[in-house]
K.L.:
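The structure that follows is given in the form of structure tokens.
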Amino acid sequence: MRDSANHIALLRSQIAAVERQRPALAVEPMLVPFGHAGVDAGTGGGLARGRLHELFAASVDDSGAAAGFAAMLAARMGGTTIVWLRERMAEARGGCLHAPGLAELGLDPGRVVLGVLDDPLALLRVASEVVRCPDVDVAVIELWKNPRPLDLTASRRLAVAAEQSGVTALMLRAEAEPAASAAQTRWQIASVAAMPLEANAPGFPTLEIDLLRQRGGPSGMRWQVEWDRDQKIFREPALSCPVVPLSERGSLATRARRAG
């Protein structure tokens, strides 16, 4: 029995060593340029496919902007299948995803498969299966606050699954504080007012994005970017309108003003 236990312990240590080496042996990911020269330079060429990326709303009022950024990235990534998983709290706090809002950002709602789960644990379990599926192009995993099931182990599980399948996983967070994770990059997003177009038409969606962290690269950089839905690229803003609401009930800030 002692020899058997020693053998199992040896096997576990060998497996752990392989797991530690896996990131170093992984194939270099394909980068998708943002189109914005500054962001592309700061990220070494763009956002990596087949990796886990974290998107944090700068404040609760910026949750729509963060969701918009996720939709923009999904549109930029291309492909045919996007799975958007939401915690039911997101439906209660931010409203349902609004198909016309997605279309206004250049993302075909017909490409989006929506799943709403009752709790964070159920959402993360489904997300693990979705990210393992190579037929999915982008998985948006939307969680609110800091649920206990979302720890370093859970994020590593998603990161490894993304690397193996090639699915780009976007972890969308609202009312949350960053913690240790296996994400390739971590972003913070806030909405910015943009200049109206001619005849006082609404301006292009404009965001302020902070690159808080990226593995193996510089961080602590901030840019203002404008989204061109026709070309599906980010660019320098003409000057510096909030993103099109993805909720049919509008942004939290708008609802609060109406309530007041």
K.L.:
Output yes when Arg93 and Glu175 qualify as a salt bridge under the 4.0 Å nitrogen-oxygen rule, no when they do not.
P.N.:
yes
K.L.:
Establish whether Val126 and Trp144 are linked, either directly or via other cluster members, by ILVMFWY side-chain heavy-atom contacts under 4.5 Å.
P.N.:
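The answer is no; the residues belong to distinct hydrophobic clusters.
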K.L.:
Rounded at 0.5 Å granularity, tell me how far CG in Leu52 sits from OG in Ser181.
P.N.:
6.5 Å
K.L.:
Measure from the side-chain N and O atoms of Ser165 to the backbone N and O of Val131, and report whether any donor-acceptor pair falls under 3.5 Å.
P.N.:
yes
K.L.:
If you group Ile, Leu, Val, Met, Phe, Trp and Tyr by side-chain heavy-atom gaps below 4.5 Å, do Leu150 and Leu55 land in one group?
P.N.:
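Result: no, two separate clusters.
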K.L.:
Given 3.5 Å as the limit, does a donor-acceptor pair link the side chain of Trp227 with the main chain of Leu105, or not?
P.N.:
yes
K.L.:
Closer than 3.5 angstrom, by distance alone: can the side chain of Asp137 be matched with the main-chain N or O of Thr81 as a donor-acceptor pair?
P.N.:
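Flag set: sc Asp137 to bb Thr81 pair under 3.5 Å.
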K.L.:
Is Asp62 reaching over with its side chain to a backbone N or O of Ala57, donor-acceptor style, under 3.5 angstrom?
P.N.:
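Judged by distance alone, no pair lies under 3.5 Å.
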K.L.:
About how many Å separate CE of Met221 and OG1 of Thr43, when rounded to the nearest 0.5 Å?
P.N.:
7.5 Å
K.L.:
Can a donor-acceptor pair be found, under 3.5 Å and without considering hydrogens, that links the side chain of Arg157 to the backbone of Leu124?
P.N.:
no
K.L.:
Find out if a path of hydrophobic residues (ILVMFWY) with successive side-chain heavy-atom gaps under 4.5 Å connects Met30 to Val160.
P.N.:
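Different clusters: Met30 never reaches Val160 through Ile, Leu, Val, Met, Phe, Trp or Tyr contacts under 4.5 Å.
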K.L.:
Please walk me through it: do Glu91 and Arg88 pass salt bridge (charged side-chain N to carboxylate O under 4.0 Å, His left out)?
P.N.:
CA-CA 5 Å; Glu91 297 273 290; Arg88 197 166 297 280; 6.0 Å; no
K.L.:
Closest heavy-atom contact between Val140 and Ala70?
P.N.:
CG1-CB, 4.3 Å
K.L.:
I need the minimum non-hydrogen distance between Val130 and Ala139, along with the two atoms involved.
P.N.:
CG1-CB, 4.0 Å
K.L.:
Shortest non-hydrogen contact from Trp223 to Gly42?
P.N.:
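Looking at all heavy atoms of both residues, the shortest contact is CZ2-CA, 4.2 Å.
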K.L.:
May I ask whether Val116 and Val112 are part of the same hydrophobic cluster, defined by side-chain heavy atoms of I, L, V, M, F, W, Y residues being less than 4.5 angstrom apart, directly or through others?
P.N.:
yes
K.L.:
Report yes if the side chains of Asp118 and Glu87 come closer than 4.5 Å at any heavy-atom pair, otherwise no.
P.N.:
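The answer is no; the side chains never approach within 4.5 Å.
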K.L.:
Kindly say whether Val39 contributes a backbone atom to a donor-acceptor pair with the side chain of His36 at under 3.5 angstrom?
P.N.:
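Here the side-chain-to-backbone pair exists.
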K.L.:
Take Val32 and Arg49 through the side chain to side chain contact (heavy atoms under 4.5 Å, CB included) test and state the conclusion after the steps.
P.N.:
CA-CA 7 Å; Val32 178; Arg49 290 189 187 274; 3.4 Å; yes
K.L.:
Within the 4.5 Å heavy-atom criterion, are Arg229 and Phe204 side-chain neighbours or not?
P.N.:
no
K.L.:
What distance separates Leu143 CG from Arg173 CZ, expressed to the nearest 0.5 Å?
P.N.:
6.0 Å
K.L.:
Using the side-chain contact (heavy atoms from CB on, under 4.5 Å) definition, which of the options Val83, Ile82, Thr80 pairs with Val136?
P.N.:
Val83
K.L.:
Identify the two heavy atoms, one from Leu85 and one from Leu117, that lie closest to each other, and give their separation to 0.1 Å.
P.N.:
CD2-CD2, 4.3 Å
K.L.:
Indicate yes or no for a side-chain donor-acceptor contact from His53 to the backbone of Leu172 under 3.5 Å, with no hydrogens or angles considered.
P.N.:
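No; zero donor-acceptor contacts below 3.5 Å.
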K.L.:
Looking only at non-hydrogen atoms, find the nearest pair between Leu31 and Pro33 and report the distance.
P.N.:
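Residues Leu31 and Pro33, closest heavy atoms: O-CD, 3.6 Å.
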K.L.:
Output the distance between atom CE (Met72) and atom CG (Leu102), rounded to the nearest 0.5 Å.
P.N.:
11.0 Å
K.L.:
Would you call the rings of Phe69 and Phe34 parallel, tilted or perpendicular if under 30° counts as parallel and over 60° as perpendicular?
P.N.:
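Aromatic pair Phe69/Phe34 classed parallel.
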K.L.:
State, to 0.1 Å, how close Ala174 and Ser63 come at their nearest heavy-atom pair, and which atoms those are.
P.N.:
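Closest heavy-atom pair between Ala174 and Ser63: CB-CB, 4.1 Å.
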K.L.:
If hydrophobic clusters are built by linking Ile, Leu, Val, Met, Phe, Trp and Tyr wherever their side-chain heavy atoms come under 4.5 Å apart, do Ile209 and Leu170 end up in the same one?
P.N.:
yes
K.L.:
What do the steps show when you test Glu208 against Ile189 for side chain to side chain contact (heavy atoms under 4.5 Å, CB included), and what is the final call?
P.N.:
CA-CA 6 Å; Glu208 182 174 88; Ile189 303 96; over 6 Å; no
K.L.:
Would a 4.5 Å heavy-atom cut-off, applied to side chains only, mark Val138 and Val167 as touching?
P.N.:
no
K.L.:
If only atom types and distance count, is the side chain of Arg76 paired as donor or acceptor with the main-chain N or O of Lys232 below 3.5 Å?
P.N.:
yes
K.L.:
Taking the side chain as every heavy atom from C-beta outward, state whether Val225 and Pro237 have any atom pair closer than 4.5 Å.
P.N.:
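When only atoms from C-beta onward are counted, Pro237 and Val225 do not touch, as no gap falls below 4.5 Å.
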K.L.:
Do Gln184 and Gln214 touch side chain to side chain, with heavy atoms closer than 4.5 Å?
P.N.:
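The answer is no, as the side chains (C-beta and beyond) never meet within the 4.5 Å cut-off.
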K.L.:
For the backbone of Ala75 and the side chain of Arg111, can you confirm whether one donor and one acceptor N or O come within less than 3.5 Å of each other?
P.N.:
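No, because the side chain of Arg111 does not come within donor-acceptor range (under 3.5 Å) of the backbone of Ala75.
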K.L.:
Any non-hydrogen side-chain atom of Ser128 less than 4.5 Å from a side-chain atom of Leu158?
P.N.:
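With C-beta onward as the side chain, the pair touches.
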K.L.:
Could you check whether Glu54 and Thr185, counting side-chain N and O atoms only, form a donor-acceptor pair closer than 3.5 Å?
P.N.:
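Judged by distance alone, the side chains do not pair up.
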K.L.:
Run the side chain to side chain contact (heavy atoms under 4.5 Å, CB included) test on Leu114 and Leu97 for me, step by step, so that the C-alpha distance in whole Å, both residues' side-chain angles and the decisive distance to 0.1 Å come before the verdict.
P.N.:
CA-CA 9 Å; Leu114 176 64; Leu97 282 182; 3.8 Å; yes
K.L.:
Quick one, Phe234 with Asp40, criterion side chain to side chain contact (heavy atoms under 4.5 Å, CB included). Give me CA distance, side-chain angles, the key distance, then yes/no.
P.N.:
CA-CA 10 Å; Phe234 296 91; Asp40 287 334; over 6 Å; no
K.L.:
Could you check whether any side-chain N or O of Arg213 sits under 3.5 Å from a backbone N or O of Gly220, counting only pairs where one atom can act as donor and the other as acceptor?
P.N.:
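Flag not set: sc Arg213 to bb Gly220 has no pair under 3.5 Å.
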K.L.:
For the CG atom of Leu73 and the CH2 atom of Trp187, what is their distance to the nearest 0.5 Å?
P.N.:
8.0 Å
K.L.:
For residues Ile141 and Arg86, determine if any side-chain heavy atom of one lies less than 4.5 Å from a side-chain heavy atom of the other.
P.N.:
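Sidechains of Arg86 and Ile141: no contact.
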